[in-house]
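Along the sequence shown, residues are numbered consecutively beginning with 1. Quantities reported herein were computed from a predicted structural model and do not represent experimental measurements.
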Amino acid sequence: MHILLVASAFNSLTQRVHVELRDHGHTVAVELALPERPLAEAVRRHAPDLVLAPMLKTAIPREVWAAYPCFIVHPGPFGDRGPSSLDWAIQRGADRWGVTVLQAVEDMDAGDVWASVDCVVPPVGKSDLYRGEIADAALTAVLLAVERLASGTHTPRPQGPAHAEYTPVRIRPYLDQSVRRIDWDADSTETVLRKLRAADSQPGVLDVLCGAEWYLHGGHLEGGLRGAPGELLATRAGAICRATTDGAVWIPELRRRRAPGQPPTYKLPAAQALGDRLPSLPELAAPDSADPRRRTWTDIGYREEGSVGILSFSFPGGAMSTTQCRRLLDAYRQACARPTSVLVLGGQRDFFSNGIHLNVIEAAEDPAAESWANINAIDDLVEAVLTTTDRLVVSAVAGNSAAGGTMLALAADEVWCRAGAVLNPHYRLMGLYGSEYWTYTLPRRVGAATADRLLGEALPMSAASARDLGLVDRVVDCGPGDFAAEVGRLAARLAALPGSPSRIAAKKAELERQECGEPLAAFRERELTRMRRTFDDPDAPYHALRRAFVHKRRPQSTPPHLGLAATTAQRTAAGAERSTRARVTETALDDLSRRPDGWYQES
């Protein structure tokens, strides 16, 4: 089937639908719903069998849904309507929710239902839930709806009293800041957490802090600290701890309220955002993770299960600043000092890594210098993983990864991905050549020709497709909440395998052979030479693309690479045809420099 995805942005769910439909043999193209870009004209140009909207903030025009089958993916159960469905579910403490695929009609979310799938709602932030349980349910519902449409025999279920199994419709209003507002003198810790989690990525919770208005992003329980309600108690890893009526919460990020006539603001680590406004507070180290009595938050944790060490990390949005990279490197070195034979890197929920922290770079006094510091810090981390020869290292990718974050995962001996993860192993959408030793690790896994194709196409890929290419070693088919336990079980089995000691012994000899041939330092030097040239050039596309990404500027048109419909088989064939060509990276960057606005991508 030829399917056109219509979306307000090429966000995580749109990418997930894109890769899964391709994996199922459909041809898939994307058209962004943009102002002053007539959607009807674009749809006619694509002539699809189905128009599917995984994430659309505007209505599909009548002339489109009257002429083509049009499905809307709504993040709510059967009968739920409204623009803030997921927000209401989290803020009201629902323990189950769902996703509905319905037909587009005049009224929003009122069309006949083609599929509806329920899911659990764990106590996590909205964006984590959206990329996890909601995305899993959405894909099940989408694939079922597409199958039913293709059959030509299925009758969708109307939303209304005419149906024998009538479910009352629940039209939920937009969840505005008057409802999101935290009353620090009255709200319990649980209420505060629900409000923060319901708005963690967007729009945040508007509040007054240190004499200014801020949007609070993210919320995590602190089980030990106490103070006067609303009081700031401590900092940890850039986050601030704030007292509630019966406890405290950690808030990792803040975004300053936009002033009239000023450019859009963006999220930063909370302590950095407050700057000189932040009072003198104690910087608390993370407690020993072996102490079960302390319920608290930390973005980096380590635990041991027999001969397996698990170094977990979770950074908001998957971005890794210079400071975060250095802290993770310190933790990695400490983990390598422990008597384990297998070290797992990652293994929790949501993002693995998206590489360097563009928001922190944008906020720096000298973005070029901060870009350079950040890329060197993540390179140091990747180098440490590549040169670990006394144990097996496993990258456990629970959620999405992109650019340098994907290359970080490839530095390990094995890469294990949750089935729902989406990988973006490329850099050119941000105008970068890339580093993180990708010129060594990517061709080593998939070959030079496939590496060229992945970098040139700049398309997302599923964990299953990545496994088929050799990019990933194992796909773990489980829910987001089960991934950590499953990884622990698999890692213990790996440590117990009779062949693991010989694999570890071979690592040192293999690294020595590599160093005698083409040292790892040579790969890094070549990559960083290109990166330095980009960072130091104020006219390089990277700077404009970074600003567009950070300030969430909408592109002027749908990026060309998204509008090309192709199946996985067709793309593989196209890659084989290019196998004798030189690397496409330079050509891609040349094309990018001619139209930098057209490559902006939200993730």
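Here the side chain of Tyr440 pairs no donor or acceptor atom with the backbone of Pro519 at under 3.5 angstrom. When atom types are taken as modelled, the side chain of Glu222 and the backbone of Gly224 share a donor-acceptor pair closer than 3.5 angstrom. Judged by distance alone, with hydrogens and angles left aside, the side-chain atoms of Asp118 form no donor-acceptor pair with the main-chain N or O of Gly98 at under 3.5 Å. When atom types are taken as modelled, the side chain of Arg391 and the backbone of Gly309 share no donor-acceptor pair closer than 3.5 angstrom. Not a single donor-acceptor pair under 3.5 Å links the side chain of Asn400 to the backbone N or O of Phe351. Put simply, the side chain of Ser462 never gets that close to the backbone of Glu20: no donor and acceptor are under 3.5 Å apart. A side-chain donor-acceptor contact under 3.5 Å links Ser84 to the backbone of Leu175. At least one donor-acceptor pair closer than 3.5 Å links the side chain of Ser85 to the backbone N or O of Pro75. Judged purely by atom type and a 3.5 angstrom limit, Trp438 uses its side chain to pair as donor or acceptor with the backbone of Tyr433. In this structure, Glu527 contributes its side chain and Tyr437 its backbone to a donor-acceptor pair below 3.5 Å.
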Handout entry: Audit row: Leu328, Met320, side chain to side chain contact (heavy atoms under 4.5 Å, CB included) steps and yes/no
Key = CA-CA 9 Å; Leu328 185 54; Met320 298 169 62; 3.7 Å; yes
Practice task
Apply salt bridge (Lys or Arg N to Asp or Glu O under 4.0 Å) to Arg180 and Asp87, showing your working.
Solution key: CA-CA 10 Å; Arg180 297 183 189 274; Asp87 306 56; 2.7 Å; yes
Exercise for the section: Carefully, step by step, assess Val308 and Val344 under the rule side chain to side chain contact (heavy atoms under 4.5 Å, CB included). Expected result: CA-CA 7 Å; Val308 175; Val344 174; 4.2 Å; yes
Exercise for the section: Begin with the C-alpha distance, continue with both residues' side-chain angles, and end with the deciding distance and a verdict on side chain to side chain donor-acceptor pair (under 3.5 Å) for Glu253 and Tyr266. Expected result: CA-CA 10 Å; Glu253 293 184 310; Tyr266 49 90; over 6 Å; no
Handout entry: Check against ring-ring contact (aromatic ring centres under 6.0 Å, His included), Trp297 and His220
Key = CA-CA 6 Å; Trp297 165 86; His220 304 276; 5.7 Å; yes
Handout entry: Intermediate values then yes/no, side chain to side chain donor-acceptor pair (under 3.5 Å), Ser465 and Asp468
Key = CA-CA 5 Å; Ser465 290; Asp468 293 344; 5.2 Å; no
Exercise for the section: Show your working on side chain to side chain contact (heavy atoms under 4.5 Å, CB included) between Ser188 and Thr244 and close with a plain yes or no. Expected result: CA-CA 6 Å; Ser188 67; Thr244 65; over 6 Å; no
Exercise for the section: Take Asp246 and Arg226 through the salt bridge (Lys or Arg N to Asp or Glu O under 4.0 Å) test and state the conclusion after the steps. Expected result: CA-CA 8 Å; Asp246 58 351; Arg226 296 291 185 273; over 6 Å; no
Handout entry: side chain to side chain contact (heavy atoms under 4.5 Å, CB included) between Phe313 and Gln348, intermediate numbers included
Key = CA-CA 7 Å; Phe313 57 97; Gln348 298 301 305; over 6 Å; no
Practice task
Evaluate the criterion salt bridge (Lys or Arg N to Asp or Glu O under 4.0 Å) for residue pair Asp187 and Lys195; output intermediate values, then yes/no.
Solution key: CA-CA 10 Å; Asp187 288 346; Lys195 289 181 177 181; 2.9 Å; yes
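Side-chain atoms of Tyr332 and Thr388 form a donor-acceptor pair, as typed in the model, at a separation below 3.5 Å. With no hydrogens or angles considered, no side-chain donor-acceptor pair links Asn374 and His357 at under 3.5 Å. When only modelled atom types and interatomic distance are considered, Ser201 and Ser127 share no side-chain donor-acceptor pair under 3.5 Å. Under the 3.5 Å distance criterion, with hydrogens and angles disregarded, a donor-acceptor pair is assigned to the side chains of Ser321 and Gln324.
Note: Asn376 CG to Thr322 OG1 = 9.0 Å, rounded to the nearest 0.5 Å. Note: Trp97 CH2 to Trp88 CH2 = 10.5 Å, rounded to the nearest 0.5 Å. For the atom pair CZ (Arg197) and CD (Gln91), the distance works out to 12.5 Å, reported to the nearest 0.5 Å. Atom-to-atom distance recorded for Glu370:CD and Leu358:CG is 11.0 Å, nearest 0.5 angstrom. The CG atom of Asp452 sits 9.0 Å away from the CG atom of Leu442 when rounded to the nearest 0.5 Å. Separation of atoms SG (Cys325) and CG (Asp330) is listed at 11.5 Å; rounding is to 0.5 Å.
A salt bridge does not link Arg503 to Asp413: none of the charged nitrogens lies less than 4.0 Å from a carboxylate oxygen. Arg489 has a carboxylate O that lies under 4.0 Å from a charged side-chain N of Glu486, or vice versa, which qualifies the two as a salt bridge. Ion pair Asp136/Arg16 flagged as a salt bridge, since at least one NZ, NE, NH1 or NH2 atom sits closer than 4.0 Å to an Asp/Glu carboxylate oxygen. Between Arg524 and Glu383 there is a salt bridge, with a side-chain nitrogen of the basic residue lying less than 4.0 Å from a carboxylate oxygen of the acidic one. Here Arg349 pairs with Asp128 in a salt bridge; the nearest charged N to carboxylate O distance falls below 4.0 Å. Look at Glu305 and Arg303 and you find a salt bridge, because one of the NZ, NE, NH1 or NH2 atoms lies within 4.0 Å of a carboxylate O, short of that distance. Glu283 has no carboxylate O lying under 4.0 Å from a charged side-chain N of Arg236, or vice versa, which leaves the two without a salt bridge.
For Arg242 against Leu216, the heavy-atom pair with the smallest separation is NH1-CD1, 4.3 Å. The two residues Val360 and Pro269 have their closest heavy-atom pair at CG2-CD, 3.9 Å.
Side-chain contact between Val249 and Cys241 is absent, with no heavy atoms from C-beta onward closer than 4.5 Å. Inter-residue side-chain proximity for Ser395 and Leu408 is flagged as unmet; no heavy-atom pair is nearer than 4.5 Å. Counting only heavy atoms from C-beta outward, the side chains of Met461 and Leu469 approach each other to under 4.5 Å. Between Trp416 and Val487 the shortest side-chain heavy-atom distance falls below 4.5 Å. Between Glu133 and Pro122, the closest side-chain pair of non-hydrogen atoms falls below 4.5 Å.
Ring orientation note: the planes of His18 and Phe10 are nearly perpendicular, at an angle over 60° on the 30°/60° scale.
Applying side chain to side chain contact (heavy atoms under 4.5 Å, CB included) to Leu129 and the options Val120, Asp200, Leu86 leaves one that passes, Leu86.
At least one test fails for Arg418 against the ring of Phe483: distance under 6.0 Å to the centre or angle within 45° of the axis.
Within a 6.0 Å radius of CD in Glu147, no more than 12 heavy atoms belonging to other residues, nucleotides or ligands are found.
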